[in-house]
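Contents: one structure, followed by commentary.
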Amino acid sequence: MSGPAGGTARAATTTDVVCLGESMVTFLPSQPGRLADVPSFGRGIGGAESNVACALAAAGHRAAWVGRVGADGFGDHLVETIGGYGVDTSAVRRDPVRPTGIYFRTATDRGAGAHEVAYYRAGSAASAMSPANVPYEEVFAGRVLHLSGITAALSADCLELLRHLTAPRPGRPLVSFDVNHRPHLWRGGDATVLLELARRCDLVFVGEDEAEEAWGIVGAEAIRAALPEPGVVVVKRGSAGATVFSGLRPGPRSSKAGGAENTPASRSREGGEAEVVTQVPALRVDVVAAVGAGDAFAAGFLSATLRGLPVRDRVRHGHLMAAAVLTVPGDLTEPPARDHADRLVALDDEAWGRLRLGPGWTAADRAPEEVRTP
């Protein structure tokens, strides 16, 4: 994915999504193996919230990233690179004392036992974000404010900032929250605070695996029961797809219906209301590198939300955006053209289930039939 150099000027039109969090310079290995054995590394960027901003900008939305970097060369690289994707970086602040965070990782999947990550982010510029130094006018300038649980783990000040940003207030934009539980960041800390933060938001993304690891909660229904307040809860279930709880409406009490995938079902809630439960299966993807997929999924879902698409289509756009990243080596890539993605999203359930996506599938001249396999 590429964009014009710079990109730091604030657009005169309303911002669609503001993403706040730490971005770091990441060093990617030149070959597989232990960090101790890798001879050299290439430089890239990494950061859950800035990844979402870059993907949304590439998808044609007005996205801004708010963060804090050091007054150093790595900070320059982050601001210039993220701005180059078309993201507004004018609200990024420079810390004259603290450095920009960096990290090194191995080439293996994050979930694999051999995966290694070496973070050098303690005391970083981003860890100094607090309620006292964030530019609130810019933070609340969008239709959506996207946050993640990673920020809460960086420092006590960062946690207080997220509590402040998720507090109820008049005119608050829709607050999107990706739980993004990172166990190594919570060593000695209490990750249940992520549940507290998620309950204060409007749209929550959470994986079944991280809900069990962070909170001891098992299963999509139990996760929803623990998160009754958000209007939309997206439970990511890995290869099983995603389950979305949404669309409160007056109606009789009823239990979750079985049946075909993609079919909304009613779910009882307090006061006799019912909500829609939408299940969407995952795509089959020939994975090149399993990094950045969660951020891409959130970006695809948010993009479709901004367009007012139905919940099923929002999830499918999330799956497609994730598939675009999974089929390239890095955290970021050019997403499929909107009309290409819309054609795939419009497939019937049987055709959707037959899709298998591999490297190069996002090319604008690829028709749905050309990416489908028996």
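Residue numbers start at 1 and run along the sequence shown.
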CA sep, side-chain torsions, deciding dist, call: V235, V244, side-chain contact (heavy atoms from CB on, under 4.5 Å)
CA-CA 6 Å; V235 181; V244 182; over 6 Å; no
Can [Y] be reached from [X] by stepping across I, L, V, M, F, W or Y side chains whose heavy atoms are under 4.5 Å apart?
X	Y	answer
V291	M321	no
L332	V288	no
L28	I102	no
V325	V280	no
L309	V277	no

Atom [atom1] in [X], atom [atom2] in [Y]: separation rounded to 0.5 Å?
X	Y	atom1	atom2	value
I217	L195	CD1	CG	5.5 Å
L227	F245	CG	CZ	10.0 Å
Y119	R105	OH	CZ	9.5 Å
L145	T15	CG	OG1	11.5 Å
N51	I45	CG	CD1	6.5 Å
I223	T243	CD1	OG1	9.0 Å

Member of V276, T305, L203 meeting the side-chain contact (heavy atoms from CB on, under 4.5 Å) criterion with V232
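The single option meeting the side-chain contact (heavy atoms from CB on, under 4.5 Å) with V232 is L203.
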According to salt bridge (Lys or Arg N to Asp or Glu O under 4.0 Å), who are the partners of E196, at least two apart in sequence or on a separate chain?
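For E196, the residues satisfying salt bridge (Lys or Arg N to Asp or Glu O under 4.0 Å) (neighbours in sequence not counted) are R163.
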Holding to salt bridge (Lys or Arg N to Asp or Glu O under 4.0 Å), I want the full list of residues that pass it with D157, two or more places apart in sequence or in another chain.
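Partners of D157 under the salt bridge (Lys or Arg N to Asp or Glu O under 4.0 Å) test: none.
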I'd like to know whether R62 forms a salt bridge (Lys or Arg N to Asp or Glu O under 4.0 Å) with D88, so could you lay out the CA-CA distance, the side-chain angles of the two residues, the decisive distance to 0.1 Å, and finally the verdict.
CA-CA 8 Å; R62 297 179 296 271; D88 177 0; over 6 Å; no
Could you tell me which residues satisfy side-chain contact (heavy atoms from CB on, under 4.5 Å) with L185, sequence neighbours excluded, listed by chain and number?
R121, I150, A153, R182
Any [X] side-chain heavy atom under 4.5 Å of [Y] side chain:
X	Y	value
L147	L162	yes
K236	E208	no
Y120	V25	no
R338	R307	yes
L197	L159	yes

Heavy-atom count check: over 12 atoms from other residues, nucleotides or ligands less than 6.0 Å from E137 CD?
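Counting other residues, nucleotides and ligands, CD of E137 stays at 12 neighbours or fewer.
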What closest approach, in Å, do [X] and [Y] show between heavy atoms, and which atom pair accounts for it?
X	Y	value
W186	G149	CZ2-O, 4.0 Å
C201	F177	SG-CB, 3.5 Å
S23	W65	CB-CZ2, 3.5 Å
P29	V38	CB-CG1, 3.7 Å
R143	L306	NH2-O, 3.3 Å
V315	A242	CG1-CB, 3.9 Å

Is it true that D76 and R94 have a side-chain N and a carboxylate O under 4.0 angstrom from each other?
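Here D76 pairs with R94 in a salt bridge, since their nearest N and O are under 4.0 Å apart.
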Does this structure show an ion pair linking R354 with D348, if we count only N-O contacts that are shorter than 4.0 Å?
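Salt bridge absent between R354 and D348.
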Under a 3.5 Å distance rule, please check whether [X] uses its side chain to pair with a backbone N or O of [Y] as donor and acceptor.
X	Y	result
S155	C158	yes
N133	S130	yes
R98	P96	no
E210	G207	yes
R312	V345	yes
S50	G47	yes

What do the steps show when you test V92 against V66 for side-chain contact (heavy atoms from CB on, under 4.5 Å), and what is the final call?
CA-CA 5 Å; V92 176; V66 177; over 6 Å; no
If only side-chain N and O atoms count, and only distance matters, is there a donor-acceptor pair under 3.5 Å linking [Y] with [X]?
X	Y	answer
E22	S124	yes
E49	S148	yes
S303	H317	no

side-chain contact (heavy atoms from CB on, under 4.5 Å) between R34 and T106, intermediate numbers included:
CA-CA 7 Å; R34 302 183 310 155; T106 52; 5.7 Å; no
Tell me if the centroids of the rings in [X] and [Y] come within less than 6.0 Å of each other.
X	Y	answer
F104	F41	yes
F297	H319	yes
F205	F301	yes

By ring pair (Phe, Tyr, Trp, His ring centres under 6.0 Å) - contacts of Y136 (at least two apart)
H164
Should L165 and V175 be marked as a side-chain contact (heavy atoms from CB on, under 4.5 Å) after you check the CA-CA gap, both sets of side-chain angles, and the distance that decides it?
CA-CA 9 Å; L165 296 179; V175 178; over 6 Å; no
Go through the steps to decide whether D313 and R316 satisfy the test salt bridge (Lys or Arg N to Asp or Glu O under 4.0 Å), and finish with yes or no.
CA-CA 5 Å; D313 293 2; R316 285 190 171 189; 5.6 Å; no
Return all side-chain donor-acceptor pairs below 3.5 angstrom for residues 67-74, not counting sequence neighbours, or 'none' if the list is empty.
{"unit_1": "R68", "atom_1": "NE", "unit_2": "D95", "atom_2": "OD2", "d": "3.3"}
{"unit_1": "D72", "atom_1": "OD1", "unit_2": "F74", "atom_2": "N", "d": "3.4"}
{"unit_1": "D72", "atom_1": "OD1", "unit_2": "G75", "atom_2": "N", "d": "2.7"}
{"unit_1": "D72", "atom_1": "OD1", "unit_2": "T100", "atom_2": "OG1", "d": "2.8"}
{"unit_1": "D72", "atom_1": "OD2", "unit_2": "T100", "atom_2": "N", "d": "3.1"}
{"unit_1": "D72", "atom_1": "OD2", "unit_2": "T100", "atom_2": "OG1", "d": "3.4"}

Going by the side-chain hydrogen bond (donor to acceptor under 3.5 Å, both in side chains) test, which pairs reach into residues 165-178, not counting sequence neighbours?
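Listed by first then second residue: H146-S176, T166-R200, R172-D202.
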